[in-house]
Amino acid sequence: MRLPGIPSARHVPGLSLLFLLVLTTAAAGPGAFAPGTGRVTGHVRDQDGAPIASAQVLVVGTALTSVTDSKGAYAIPAVAEGVIQLRAAFIGYQSFQASVTVRAGRTTVYDFSLQASSLQLEELTVTTGADAALPTQLPTQTAPSPAATTGAVSEGKIETRRNAAAAQPMLGAAPRDAWRVQREPGNTEAYARIEDNHFLGAASNPLSTFSIDVDAASYSNVRRFLSQGALPPADAVRLEEMVNYFSYTYPDQTGNRPFAVSTDIGACPWSPEHRLVRIGLQAKKMAVRDLPPSNLVFLIDVSGSMQSPDKLPLVKQAFQALVQELRPEDRVAIVVYAGAAGLVLPSTSGAEKETILSAIDRLETGGSTAGGAGLRLAYDIARENYLPEGNNRLILATDGDFNVGVSSDAEMIRLVETRREEGTFLTVLGFGTGNLKDTKMEQMADKGNGHYAYIDSFREAHKVFVQEFGGTLFTVAKDVKIQVEFNPARVQAYRLLGYENRILAKEDFSDDRKDAGEMGAGHSVTALYEVVPVGSSLLTVTEDSLTYQQVTLRRSADRTAELLTVRLRYKEPTGLRSRLLSVPVVDRGDRRSSDDLRFASAVAAFAMVLRNSEYKGSSNYDLVLALARGARGEDENGYRQEFISMVERARSLSAGGETVSR
């Protein structure tokens, strides 16, 4: 079976991986291997021996790859016998590649011990598995000589890498000079302008209403800018998507509701006299076997703008990873569009993985972009194979460059909304640099009751399609709205952090015709409020005076210790009427915040620093790093450590003056 992988790897500047410990070969039983092939297995651990999850190990120059599990274990089957180049990569560590001998009918065990990288950069020329030279920056780390390696070494050889031209970069990043494209006239990336939410007085504006957002595209897009050597444009930084990239320890859903609600309060790190309120939603988690059958249509942009390695080649790898997760009851069709739209694969059972993988593998780029025609055709195919009790979804993969045919935003949005009401939802995946239409893609996913993600590496594809399989594809609650009522007896003013493009009128909360955000199985949502207690002299909010009425408080408002009340409305995935939840919140005056709240505040502060927000207070890179390092916790998948590395990278770039204009 063909496995998903990355044929030509690339490196995130300044963030990479290291080292081998043991190489052994063991005999396998008869019939366990395809003729002429062996298997490579092992573990990836850090310098202290702790397992590293989500590290990538691949056979360079092939599509054979594996991502480590929670114990750091990997396995690559069906590797052709002979000497291969085996490489491990994980952000925040130094990458390493070595020669390994694979023997037919045997299992080669190769363990890696990883060391965190420094951010000292040096210029190198990198040769990929496809023998293409790419300029990049990365710290150099060579293999130890066999004599210096601990443990036994047998049935293979370790090649010392001391030639910079032979070094291999880390996966999922662009060449060093790629960031310059952001400044060239041909760049057409588009971002909607973000105006930070202001402080509002609780007496005259006691209600704050918004739609949830589970998207995390902004975080991986910001990571892409930083890896390419530039600070992101301010409008590419959506604070709520940065915060929601991470998972937090929220209580699991219980009872018959699709999600659980939790809250906590602590001191605001960038303004200690203020309070920081966190509202968390955790959708119920479902085993893959319990998920309803899927009717999926992959809609893939194969236009000429998708030629670069971070576009169609990465799209193919991402969908190949998704195909591996499908069950026999799931079905997949593939539609492509360039100068015209066409059906590449009719709806096919997930049991026929070889057929689906082969269809993906044959995709090639060429032509202009008839996005509108492709969208209509994909929806038609989904309608033909509609599952009344199943999950019906389009998954669009593109750089967002819709430029031929009927492609007005208004017409496309109407089409997406119409098909959404018929029960077919839309997930949007963005790829690449230079043409990304972030605004359009986010809007399409929002209107399609779907998820918007930006895929900058195979590791991110694995996160979206494997680790978060249920959340990406299976909706458990739709039109989820939050309305917070603040108690003016306790709250002078408040500010919602992020969600600027999700703000709703207070009347929209009870209007079931108003579209809002969706939650997938296992998804979590986090919202943060900065709250100014009554009596604070640090912020003065002028309340609007009224001519014909006077606002007064109920006596109970002053008697209660409640700071606010959180109300939520949501619908079942096929429901028409919303249900209401209400949760009162009391501030107990805790000065010590939970690790999760402090880490979320670190991410929020980072977003405000990148945006140079007028509300960042005392936030700076040092404060962000102190918060994040102190609240990293167990960090099973390494995402929090990756964040710390990103902040260090941003601080370095900021000191060097590399920016992208607002």
Side-chain angles (χ1 to χ4, degrees), residues 1-5 63 67 214 258 283-300 315-336 343-363 374-375 377-397 419-420 422-429 445 448-453 455 458 460-478 518-523 572-574:
M1 177 178 294
R2 189 181 189 280
L3 298 177
V67 176
V214 299
K284 63 182 178 183
K285 300 172 183 178
M286 301 173 65
V288 172
R289 64 178 180 274
D290 297 329
L291 296 170
S294 289
N295 164 35
L296 304 177
V297 179
F298 297 167
L299 175 57
I300 301 176
V315 170
K316 293 162 71 172
Q317 295 148 16
F319 280 110
Q320 287 166 346
L322 173 57
V323 169
Q324 300 293 349
E325 302 301 307
L326 298 180
R327 305 158 299 174
E329 59 267 35
D330 300 323
R331 301 191 67 82
V332 172
I334 301 176
V335 173
V336 298
L343 178 64
V344 171
L345 181 73
S347 188
T348 302
S349 167
E352 300 181 47
K353 287 184 170 56
E354 291 288 357
T355 300
I356 302 171
L357 292 171
S358 178
I360 294 171
D361 195 49
R362 292 194 301 269
L363 299 179
L375 194 63
L377 176 59
Y379 272 125
D380 289 343
I381 298 299
R383 179 187 282 166
E384 291 174 5
N385 298 280
Y386 187 79
L387 298 175
E389 303 298 325
N391 169 46
N392 300 276
R393 185 177 298 267
L394 265 61
I395 305 178
L396 167 62
R419 297 304 178 92
R420 174 194 75 200
E422 294 178 4
T424 299
F425 295 172
L426 173 66
T427 291
V428 180
L429 307 177
N449 279 8
H451 180 55
Y452 170 41
I455 308 298
F458 178 80
E460 185 65 17
H462 185 269
K463 179 178 185 287
V464 171
F465 278 151
V466 179
Q467 292 176 236
E468 301 174 356
F469 179 72
T472 300
L473 298 183
F474 298 91
T475 298
V476 297
K478 68 178 182 180
E518 283 64 47
M519 291 192 72
H523 263 158
E572 299 291 341
T574 58

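For reference, positions follow the sequence shown, starting with 1. Only this structure's heavy atoms are used, side chains among them; waters, hydrogens and symmetry mates stay out.
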* To do: Using the side-chain contact (heavy atoms from CB on, under 4.5 Å) rule, take L296 and D330 through it: C-alpha gap first, then chi angles, then the decisive distance, then the call.
  => CA-CA 8 Å; L296 304 177; D330 300 323; 5.8 Å; no
* Go through the steps for R393 and S294 under the test side-chain hydrogen bond (donor to acceptor under 3.5 Å, both in side chains), then give the verdict. => CA-CA 8 Å; R393 185 177 298 267; S294 289; over 6 Å; no
* **Verdict with supporting geometry, F465 and L429, side-chain contact (heavy atoms from CB on, under 4.5 Å)** => CA-CA 11 Å; F465 278 151; L429 307 177; 3.3 Å; yes
* To do: Under the side-chain contact (heavy atoms from CB on, under 4.5 Å) rule, what do R383 and N392 come out as? Steps first, then yes or no, please.
  => CA-CA 9 Å; R383 179 187 282 166; N392 300 276; over 6 Å; no
* Can you list the steps and then say if L322 with I395 is a side-chain contact (heavy atoms from CB on, under 4.5 Å)? -> CA-CA 11 Å; L322 173 57; I395 305 178; 3.8 Å; yes
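Inter-residue side-chain proximity for V335 and L299 is flagged as met; some heavy-atom pair is nearer than 4.5 Å. F319 places a side-chain heavy atom less than 4.5 Å from the side chain of I300. Proximity of F298 to L345: side-chain heavy atoms (C-beta onward) are nowhere separated by under 4.5 Å. At least one side-chain heavy atom of R327 sits under 4.5 Å from a side-chain heavy atom of V288. Side-chain contact between V315 and I455 is absent, with no heavy-atom pair separated by less than 4.5 Å. With a 4.5 Å cut-off on side-chain heavy atoms, V214 and H451 count as touching. In this structure, the side chains of Q324 and L357 come closer than 4.5 Å at one or more pairs of heavy atoms.
Residues R419 and D380 are paired through a salt bridge, judged by an N-O separation under 4.0 Å between the basic side chain and the carboxylate.
In terms of heavy atoms, P293 sits closest to L387 at O-CD1, 3.8 Å. For G470 against L291, the heavy-atom pair with the smallest separation is CA-CD1, 4.3 Å. When every heavy atom of M286 is checked against every heavy atom of V476, the shortest pair comes out as SD-CG1, 4.2 Å. The minimum heavy-atom distance between G471 and H523, with the atom names listed, is O-CE1, 3.0 Å. Residue K316 comes nearest to L363 through the heavy atom pair NZ-O, 3.1 Å, listed as atom of the first residue, atom of the second, then distance. When all heavy atoms of S349 and I356 are compared, the pair lying nearest together is O-CD1, 3.6 Å.
Atoms CD and NE2, from Q467 and H462 in turn, are 5.5 Å apart once rounded to the nearest 0.5 Å. Within the model, atoms CG of L396 and OH of Y452 stand 10.5 Å from one another, a figure rounded to the nearest 0.5 Å. To the nearest 0.5 angstrom, L473 atom CG is 11.0 Å from E468 atom CD.
With hydrogens and angles disregarded, a donor-acceptor distance shorter than 3.5 Å links the side chain of N295 to the backbone of N385. For K478 (side chain) and E518 (main-chain N/O), no donor-acceptor pair under 3.5 Å exists by modelled atom type. The closest donor-acceptor contact from the side chain of R331 to the backbone of S347 lies under 3.5 Å.
Across I381, I334, T424, a single residue satisfies side chain to side chain contact (heavy atoms under 4.5 Å, CB included) together with V297, and that is I381.
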